[in-house]
Amino acid sequence: MTEPLELKKTVNLPKTDFSQKANLGQAEPARLKKWTDAKLYEKIREARRGATKFILHDGPPYANSDIHIGTALNKILKDFIVKSRSMMGYDAPYVPGYDCHGLPIETHVEKKLAEKGKNKNDLPVATFRKICREHASKAMDGQTRDFSRLGILGEWENPYLTMSNEYESETARLFGRFLERGYVYKGLRPVYWCIHDQTALAEAEVEYKLHTSPSIYVKFPLLTDPAELDANLAGRRVSLVIWTTTPWTIPANLGIAVHPDYEYAAVEAGDEVLIVASELVGFVFVKCCLSAPDENGERHLPRILAKFKGSKLDRMRAKHPFIDRESLVMNGEHVTLGGEADAETEIDVSEARDKKETGKAGTGLVHTAPGHGHDDFVISKQYGLEVYCPVDNSGRFTSEVEHFAGENIFKANAQIVELMKENGSLLFSENYEHRYPHCWRCKKPVIFRATPQWFISMDVEAEKGEKISLRANALEQVEQVKWHPNWGEGRMGNMIKGRPDWCVSRQRSWGVPIPVFYCQACDEPVADTKIINHVADIFAKETADAWYNRPESELLPENFTCPKCNSRDFRKETDILDVWFDSGSSCVAVLETRDNLQFPADVYLEGGDQYRGWFNSSLMCGLAAHDTAPYKQVITHGWVVDGEGKQMHKSTGNAISPNEVVGKSGAEILRLWAAAVDYTQDIRCSDEILSRIVDAYRKFRNTLRYALGNLYGFNPETDAVQNPLLQYSHGRETSEIEKLLEVDRWALANLDEVTAKVLAGYETFDYQAVYQTLYNFVTVTLSARYFDIIKDRLYIYAPKSLERRSAQTALYEITDKLSRLLAPILAFTADEAFENLPHQKLASVHLAEFPVVSGADNSQLLTEWERIFSIRDEVLKALEEARNAKRIGSSLEAKVVLTADRETTRFLLPFYEDLRYIFIVSQVEVHEGDALGVEIRKADGEKCERCWNYSIHVGEYEKYPTVCERCSTALQQIEQSAAAS
RNA sequence: CGCAAUGUAGCUCAAUGGCAGAGCGUAAGACCGAUAAUCUUAAGACGAAAGUUCGAUUCUUUCCGUUGCGACCA
C-alpha cells in the first residue's frame with residue numbers, strides 16, 4: 001500500500017498562463033508587434049483569398065491633428081465590421097485613407113510661416129504646397145500610429161492619400177468626367193472678399209469685430225397694381241420698406257424677399273402707404289418718426305389699411321429707389337422679423353441667430369442683392385435673377401453704375417444715403433454698431449462679392465439610358481441604398497432635394513488644381529476632358545505639384561492651339577477643387593485602382609455630419625463615374641458627448657483623449673466601450689462610463705481565465721465527451737457512449753443560443769446586442785451559475801474521470817466559441833485567450849471563423865433549467881436568511897429541505913442527485929407538500945477535509961479518515977493512474 | 001430660428017397599448033481553493049403637460065433638455 005496522498009495536492013485547481021492582471025498598457029503593444037511580425041493582416045487576406053468580397057470603404061479623416069475620441073470610435077466601429085465580416089468568411093480588406101488637402105493645413109502652415117516672419121504670398125505656390133505636404137505627412141504618421149495602436153488591422157503601411165500622385169491624377173480625371181458629361185459650368189457666386197488684399201476668403205478666415213455701419217430704411221415703390229393685394233389699396237401710392245446696413249449694395253439690388261407665412265401690413269403714412277411686417281409696424285413707425293403728432297402733440301399708431309400674408313406679395317414688382325430698374329418681390333424662408341437679414345452678415349448663421357435674440361432692426365422685407373449675399377444668391381437662383389455684382393476686385397463700382405462709377409464702395413455709402421434722402425426714398429438713417437466680418441490678415445472689413453466659380457449642376461440632364469439629372473438620379477439611388485439607421489434615407493433625400501448646385505472651385509493653393517486653361521489672346525476657357533486626361537497623366541507621375549512647377553506649354557499637349565483663335569499662349573486656372581471633391585472621388589480613385597477593392601463598396605460608415613459631406617460628395621462622384629451610388633449601404637454613428645450629454649470641448653475640460661485612455665486602461669477598454677453603447681445616437685463618454693467598462697472588461701477576462709485554468713490537462717481530441725453540440729472538441733468514439741452531464745448540456749445549449757444572437761448582431765452591425773448578449777452570458781450563465789456549479793466537480797473528481805472530462809468538454813467548447821465571438825471587439829484579449837486554449841492550432845483568433853449554430857432544438861432543456869434556476873433562487877434566498885441569522889456561513893454547511901407540490905416534486909425527481917450541486921449545499925431532501933417551501937438545516941455528518949462538503953460517511957475510510965465517500969473514490973482513481981504511469 | 005435625432009434606475013442597455021426587465025455600480029453579507037477574485041441578498045427608473053383609449057412608458061400634440069445639420073471648414 002502506497003503512502004496516503006497529500007489531500008490539498010489532489011484537488012484540481014485552475015492553472016493557466018492567461019494572467020488575471022491584463023496589464024494592457026504593455027500587453028497590447030507586445031501583441032501588436034507579434035501581429036505585425038507575423039504579418040497577420042496579410043495572412044488573413046491569404047486565408048480568405050477567393051472568398052466573396054466585403055468592402056468597407058474608409059472615409060478619410062483629416063490629416064491635421066491628433067486623433068480624438070470621435071475618430072477613434074469611428075475607426076473602432078469600422079474594425080468591428082472588417083474583423084467580423086472576415087470571421088464570417090468574407091474577404092474583407094481594409095485600406096485606410098487620409099484627407100490631406102484643405103484649408104486647415106494651409107492655415108496651420110501660414111501661421112507657422114508668420115511665426116518665422118514670412119508671408120505666404122512671398123513664397124512660390126509650389127514651395128508653399130511642399131510645406132503643406134510635409135505637414136500633412138507628419139500629421140498622418142501620428143494618426144496612423146494612434147489608429148493602429150487601437151488594434152485596427154489594415155493596410156497601414158499603404159493607406160490611400162488624397163495628395164498622392166495617383167489619387168490627385170484620378171481626382172483630376174474625375175473632374176474631366178463631370179465635364180465630359182456636361183455637368184460643369186462656370187458662373188458667379190458671392191464669396192467673402194477682402195478689397196485690401198484683393199483675395200477671396202473662406203468663412204474660417206474672417207473674424208467678427210464691432211463695426212459701425214449706416215442703418216437705413218428705404219422705400220421701394222410698388223409697380224404692381226396695389227389693388228391686387230387688397231381692394232382698400234386701389235389707387236394708392238404704395239411702397240415696400242426695406243432695411244439694410246450696407247447702402248453700397250443698393251445699386252446691386254434686384255429684389256426684395258418676404259417670408260411667405262408672415263403677415264404684412266399696408267399702413268397709411270401721410271398720403272402714401274407703406275408695407276412692413278405687421279409685427280414691426282410700431283417699431284418701424286417710431287424709428288422713422290412716421291406718425292405725425294396730432295394737435296395735442298401725441299403720436300398715434302398709424303392706420304392699417306390691409307393685412308395679408310407674404311405669399312400674396314410673391315412675384316410683385318417694385319421700382320429701384322434711384323435706378324431705372326425693377327426689383328422683384330420673392331418669397332424666402334430665410335426672412336426674419338427684426339433680425340439682421342442683411343446682405344453681408346446674414347450668411348453667418350450663428351451671428352444671425354444671436355442677432356435675432358438681441359437687436360430689433362428691420363422691416364420683415366429683405367433687400368436682396370444676389371451678388372452680395374449668400375441667401376440673396378440662393379433665392380435669386382430660384383427666381384432666375386442674374387447674379388449681379390457691379391463691384392470690382394478693389395472694391396470700386398464698375399462703370400455701369402450710375403452716379404457712383406469708380407467710387408470706393410465704403411466711401412460711396414454716404415453719397416448713396418444722400419441721394420436717396422434727396423429723392424425721398426430714404427425714410428430714416430442712423431449709425432449702427434454691429435459685429436461685422438473682417439479679414440484675418442489685414443484686419444479690414446470684408447465684403448461679400450460675386451466672383452467667377454466652377455459649378456457642378458444638379459439639374460442639367462445627361463445620358464443614362466434616358467436623360468437624367470444628378471439630383472434626380474441621386475434621389476433614385478438613395479432608395480437603392482440601405483441606410484442604418486433607416487431614417488438616414490429621408491435625411492439624405494431631403495438634403496439632395498434642397499441642395500444648390502455644387503460650387504467646386506476654391507481660391508486656394510493646397511489642393512488639386514482645376515485643370516483648365518484660358519487662352520491669353522481671346523480668354524476662351526479650355527476645359528476639355530482630353531486635355532485634362534493629358535494633365536492627369538503628368539499628375540500621375542509628378543503629383544499635382546506639376547501644375548505649379550511647369551509652364552503651360554509643358555502641361556498642354558504638344559502644339560496645342562486655341563480652338564477659337566489658334567493662339568498658342570495660355571494661362572493656367574489658379575483655383576483648386578473643393579476638398580469634398582477630393583475625398584468624394586475616393587470611390588473611383590481608391591476602389592477602382594486597388595486590386596483587392598471594387599466599386600461600389602458594400603458599406604460606408606461615418607458620423608452623421610457626413611450626410612452633407614462625404615456621403616454626398618461620394619454619391620455625386622459615383623454618379624458621374626458610373627451612374628450608381630458608390631455604396632450599397634451606409635451606416636452613421638452619433639457624436640461623442642460627455643457624461644451629461646454635452647458636447648466635448650478641450651476648453652470646457654470635459655474632453656476625453658483616446659490616447660490617454662489607451663495609455664491608462666488599454667485600447668480594449670475603448671473598443672469595449674464602442675461595443676457597449678448605441679452608436680446610432682449621441683454617445684456618452686466619461687470617466688464613470690469608462691470605469692464601468694473597465695469592470696466589465698475584468699469580468700470577461702476573469703471568466704475566460706477561469707475557463708482556461710480548468711482546461712489544464714485537457715486535450716479535446718482525445719479527452720472530450722461526445723455530444724452533438726460540439727464543434728471544436730472532437731470527442732472519442734461514440735461506442736464508448738459517454739454522455740455529457742445534464743448541466744454541461746444545459747451550458748452548451750445556452751452557448752448555442754448565445755452564438756445565434758451574437759452572429760445576428762454582427763450581421764446587422766448591432767454591436768450593442770453582441771456586447772449585451774455576451775456580457776450577460778458571461779456574468780449570469782457562466783460566472784454566477786455554471787462555473788459556480790461545476791467548480792466542485794472540476795476540483796474534486798479525478799482528472800480523467802467522466803465527471804471532470806464532461807465539464808472540461810463543455811468548457812473547451814465555451815472558451816473556444818467565446819473567444820471567437822469576442823474577437824472583433826476584444827481583439828487583443830480574445831486572441832490571448834485563444835492562444836491559451838490547449839492544443840489550439842491557429843496562429844491567431846483573427847484567422848479563425850465564427851462558430852456555427854448547431855440548429856438543435858434545445859428549448860425543452862432550456863425551459864426545464866430555467867425552472868430549476870427559479871427554484872434555486874428561492875433556495876438562495878433561504879440560505880441568505882440562514883446566513884443573516886448566523887446559522888450557517890458557507891452554503892456547504894447547509895442541508896436544504898424542499899417542500900413542493902406533487903407536480904414540482906415529480907419534475908425534480910430526475911434532478912434529485914444533482915440538486916445539491918446545483919444549490920451548492922451538502923445535502924438536499926425533497927418532500928411532497930402543498931406549496932414550495934425551503935427549510936435550511938445544518939448539514940448532516942462532518943466536513944470532508946478535501947471537498948469541504950458535509951457527509952455522514954466522513955471517517956469511514958481507513959487510509960483517508962478525514963474524507964467523504966466521493967473523495968475516497970476519487971483518491972483511489974488518482975492512485976491507480978499514478979501507479980499505471 | 002428651421003430640419004433631424006434623442007430623453008426608461010447613479011451607468012450602459014431591454015421590452016411592451018395591460019404587473020417596466022437585465023447587468024454593472026451602490027449597500028449589506030458570505031467565502032477564503034477564480035482571491036486586487038468569486039457568490040448571495042437588498043434598495044433603485046419611464047423628462048413635463050394635455051389628448052385618444054376601459055387602460056398610455058408605448059400612439060398624437062405641445063413644452064422642456066441634449067446633440068447634429070443648416071457654415072464652402074473638415
Side-chain angles (χ1 to χ4, degrees), chain A residues 8 11-14 16 20-21 60-64 99 101-105 107 189 191-192 200 202-205 333-334 336-337 339 347-353 356-357 374 453 485 487-488 490-491 494-495 498 502-506 578-580 583 607-614 636 638-641 643-647 673 676-678 680-684 686 688-693 695-696 698-699 702-703 705-707 709-710 768-769 771-772 775-776 778-780 783-785 787-788 791-792 795-796 873 876-877 879-881 883-884 888-892 920 947-948:
Chain A
K8 195 108 182 158
V11 180
N12 310 307
L13 295 180
T16 176
Q20 179 173 42
K21 266 198 83 171
Y62 195 66
N64 190 29
D99 191 2
H101 297 310
L103 183 66
I105 289 178
T107 308
R189 183 174 192 278
V191 296
Y192 282 109
E203 163 74 23
E205 292 178 309
E333 305 275 338
H334 64 287
T336 59
L337 287 177
I347 38 84
D348 187 72
V349 177
S350 57
E351 286 298 310
R353 215 177 285 145
K356 268 166 213 164
E357 286 162 18
H374 184 259
Q453 304 287 344
W487 45 254
R491 188 163 164 184
N494 284 338
M495 204 232 79
W502 185 8
C503 177
V504 292
S505 51
R506 294 291 182 276
D578 177 13
V579 287
W580 285 116
S583 54
D609 54 332
Q610 299 300 339
Y611 282 104
R612 219 158 250 281
W614 193 54
T636 51
W639 283 68
V640 181
V641 293
E644 268 79 52
K646 300 278 176 63
Q647 36 184 189
W673 165 75
V677 296
D678 179 0
T680 64
Q681 307 179 24
D682 291 336
I683 304 142
R684 292 185 182 211
S686 66
E688 186 191 354
I689 291 165
L690 288 175
S691 90
R692 288 297 93 80
I693 295 291
D695 291 335
R698 274 205 279 267
K699 191 70 184 183
N702 284 328
T703 306
R705 174 174 144 89
Y706 183 74
N710 284 297
Q768 192 178 62
Y771 171 86
Q772 294 280 343
Y775 191 48
N776 198 56
V778 160
T779 50
V780 180
S783 190
R785 293 180 173 179
F787 287 1
D788 216 26
K791 193 192 289 188
D792 174 86
Y795 289 5
I796 300 315
D873 286 343
L876 292 176
K877 258 182 213 134
L879 285 169
E880 188 63 18
E881 279 166 29
R883 243 191 301 269
N884 289 336
I888 56 163
S890 161
S891 60
L892 287 175
I920 318 182
C947 72
W948 300 348

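Values below: all heavy atoms of this structure, side chains included; hydrogens, waters and symmetry mates excluded. Note that the structure is a prediction, hence the values are computed from the model and not measured. Order of the sequence lines fixes the chain letters, A, B, ..., with proteins taken first and strands second; residue numbering starts at 1 for each chain.
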- Check whether any side-chain N or O of A/Tyr611 sits under 3.5 Å from a backbone N or O of A/Thr636 as a donor-acceptor pair, and report yes or no. no
- Query: Between B/C39, B/A37, B/C69, which nucleotide has the shortest distance from any of its atoms to the side chain of A/Arg698?
  - Reply: B/A37
- Determine the minimum heavy-atom distance between A/Thr680 and A/Pro485, stating which atoms define it. CB-CG, 3.9 Å
- Message: Treating A/Thr703 as the side-chain partner and A/Ser783 as the backbone partner, does any N or O pair qualify as donor plus acceptor under 3.5 Å?
- Response: no
- Message: Side chain of A/Gln647 only, heavy atoms from C-beta on: which candidate in B/G68, B/U38, B/G10 is closest?
- Response: B/G68
- Query: Can a side chain N or O of A/Gln610 be found less than 4.0 Å away from OP1 or OP2 on B/G68?
  - Reply: no
- Task: Could you grab the distance from atom CG of A/Asn64 to atom CG of A/Leu103, nearest 0.5 Å is fine?
- Result: 10.0 Å
- Find the partner of B/A22: check Watson-Crick (N1-N3 plus N6-O4 or O6-N4) and G-U wobble (N1-O2, O6-N3) distances, both under 3.5 Å, and reply none if neither fits. B/U12
- Query: Taking the C1' atom of each, how far is B/C24 from B/A5, in whole Å?
  - Reply: 27 Å
- Would you classify A/Trp673 as touching base, sugar-phosphate or nothing, given that sugar-phosphate means primed atoms plus P, OP1 and OP2, and contacts are heavy atoms under 4.0 Å? nothing
- Nearest-angstrom distance from the residue atom CD1 of A/Ile888 to P of B/C32: 12 Å
- Message: Using atom C1' in both nucleotides, what's the gap between B/U67 and B/G55 to the nearest angstrom?
- Response: 35 Å
- Message: Has A/Arg684 got a side-chain atom pairing as donor or acceptor with A/Gly643's backbone, closer than 3.5 angstrom?
- Response: yes
- Query: Does B/A37 have a Watson-Crick or wobble partner in any strand here, with both distances under 3.5 angstrom, and which is it?
  - Reply: none
- Quick one: label A/Gly889 by what it contacts on the DNA or RNA (base, sugar-phosphate, nothing), any heavy atom closer than 4.0 Å. sugar-phosphate
- If the C1' atom of B/A9 is compared with that of B/C1, how far apart are they to the nearest Å? 36 Å
- A/Met495 atom CE is separated from B/G70 atom P, nearest whole Å, by 10 Å
- Task: Look at all strands and tell whether A/Ala676 reaches a base, only sugar-phosphate, or nothing, counting heavy atoms closer than 4.0 Å.
- Result: sugar-phosphate
- Query: Is it the case that A/Trp614 and A/Asp99 place a side-chain donor and acceptor less than 3.5 Å from each other?
  - Reply: no
- Task: Counting heavy atoms from C-beta on, name the nucleotide in B/A14, B/C24, B/C39 closest to the side chain of A/Arg692.
- Result: B/C24
- Item | Of the listed nucleotides B/C13, B/G68, B/A5, the one nearest the side chain of A/Gln772 | B/C13
- Can you tell me the Watson-Crick or wobble partner of B/G68, both distances under 3.5 angstrom? B/C3
- Task: Return the nearest nucleotide to the side chain of A/Trp639; candidates are B/A74, B/A5, B/U67.
- Result: B/U67
- Item | Taking every non-hydrogen atom, the tightest pair across A/Lys699 and A/Thr779 | CG-CG2, 3.6 Å
- Task: Please measure how far the C1' atom in B/C39 lies from the corresponding atom in B/C31, and state the result in whole Å.
- Result: 8 Å
- What is the base-pairing partner of B/A48, counting Watson-Crick and G-U wobble geometry with both distances under 3.5 Å? B/U62
- Distance, rounded to the nearest Å, where A/Ile693 contributes CD1 and B/G25 contributes P: 12 Å
- Considering only heavy side-chain atoms of A/Ala784, the closest of B/C39, B/A34, B/C24 is B/C39
- Message: When the C1' atoms of B/A48 and B/U6 are compared, how many Å lie between them, rounded to an integer?
- Response: 16 Å
- Roughly how many Å is it from CZ in A/Arg684 to P in B/U6, rounded to a whole number? 15 Å
- Message: Check this for me: does the side-chain of A/Trp614 come within 3.5 Å of the base of B/A74 through a donor and an acceptor?
- Response: no
- Task: Take atom P in B/A42 and the same atom in B/U35, then report the distance between them in whole Å.
- Result: 28 Å
- Using the P atoms only, state how far B/U66 lies from B/G23, rounded to an integer number of Å. 33 Å
- Mark yes or no for a side-chain to base donor-acceptor pair under 3.5 Å between A/Lys8 and B/G33, with no hydrogen or angle criteria applied. yes
- Message: Rounded to whole Å, how long is the line connecting atom CZ of A/Arg705 with atom C1' of B/A36?
- Response: 12 Å
- Message: From the set B/U38, B/G33, B/U67, return the single nucleotide nearest to any side-chain atom of A/Ser783.
- Response: B/U38
- Distance between the C1' atoms of B/G25 and B/C63, in whole angstroms? 34 Å
- Give one of base, sugar-phosphate or nothing for A/Tyr611, where a contact means two heavy atoms less than 4.0 Å apart. nothing
- Message: Partner lookup for B/G55, please. Criteria are Watson-Crick or G-U wobble with both distances under 3.5 angstrom; report none if nothing qualifies.
- Response: none
- Roughly how many Å is it from CG in A/Asn494 to P in B/C3, rounded to a whole number? 11 Å
- Residue A/Lys699, side-chain atoms from C-beta onward, closest of B/A37, B/C39, B/A4: B/C39
- Give the rounded distance in Å between these two atoms: CD of A/Gln681 and C1' of B/U12. 12 Å
- Determine: side-chain N/O of A/Lys646 to OP1/OP2 of B/G65, distance under 4.0 Å, yes or no. no
Between the protein and nucleotides 41-44 of chain B, are there any N/O to N/O pairs under 3.5 Å, and if so, what are the atom names and distances?
none

- Side chain of A/Val780 - closest among B/U38, B/G23, B/C69: B/G23
- Of the listed nucleotides B/A34, B/G68, B/C31, the one nearest the side chain of A/Ser890: B/C31
- A/Phe787 atom CZ is separated from B/C31 atom P, nearest whole Å, by 24 Å
- Message: Whether A/Glu881 and A/Lys877 form a salt bridge (side-chain N of Lys/Arg under 4.0 Å from carboxylate O of Asp/Glu) is what I want to check.
- Response: no
- Nearest 0.5 Å, what's the CD1-CD distance between A/Ile888 and A/Glu880? 8.5 Å
- Message: Classify A/Asp695 by what it touches in the nucleic acid, base, sugar-phosphate, or nothing, heavy-atom distance under 4.0 Å.
- Response: sugar-phosphate
- Task: Return the minimal non-hydrogen interatomic distance between A/Lys646 and A/Val641, and the atom names on each side.
- Result: O-CB, 3.1 Å
- Task: Using a heavy-atom cut-off of under 4.0 Å over every strand shown, decide if A/Ile796 touches base, sugar-phosphate, or nothing.
- Result: base
- Task: Write down the atom of A/Arg883, the atom of A/Ser891, and the distance for their closest heavy-atom approach.
- Result: NH1-N, 4.0 Å
- Query: So, is A/Tyr775 near the phosphate of B/A22, with a side-chain N or O under 4.0 Å from OP1 or OP2?
  - Reply: no
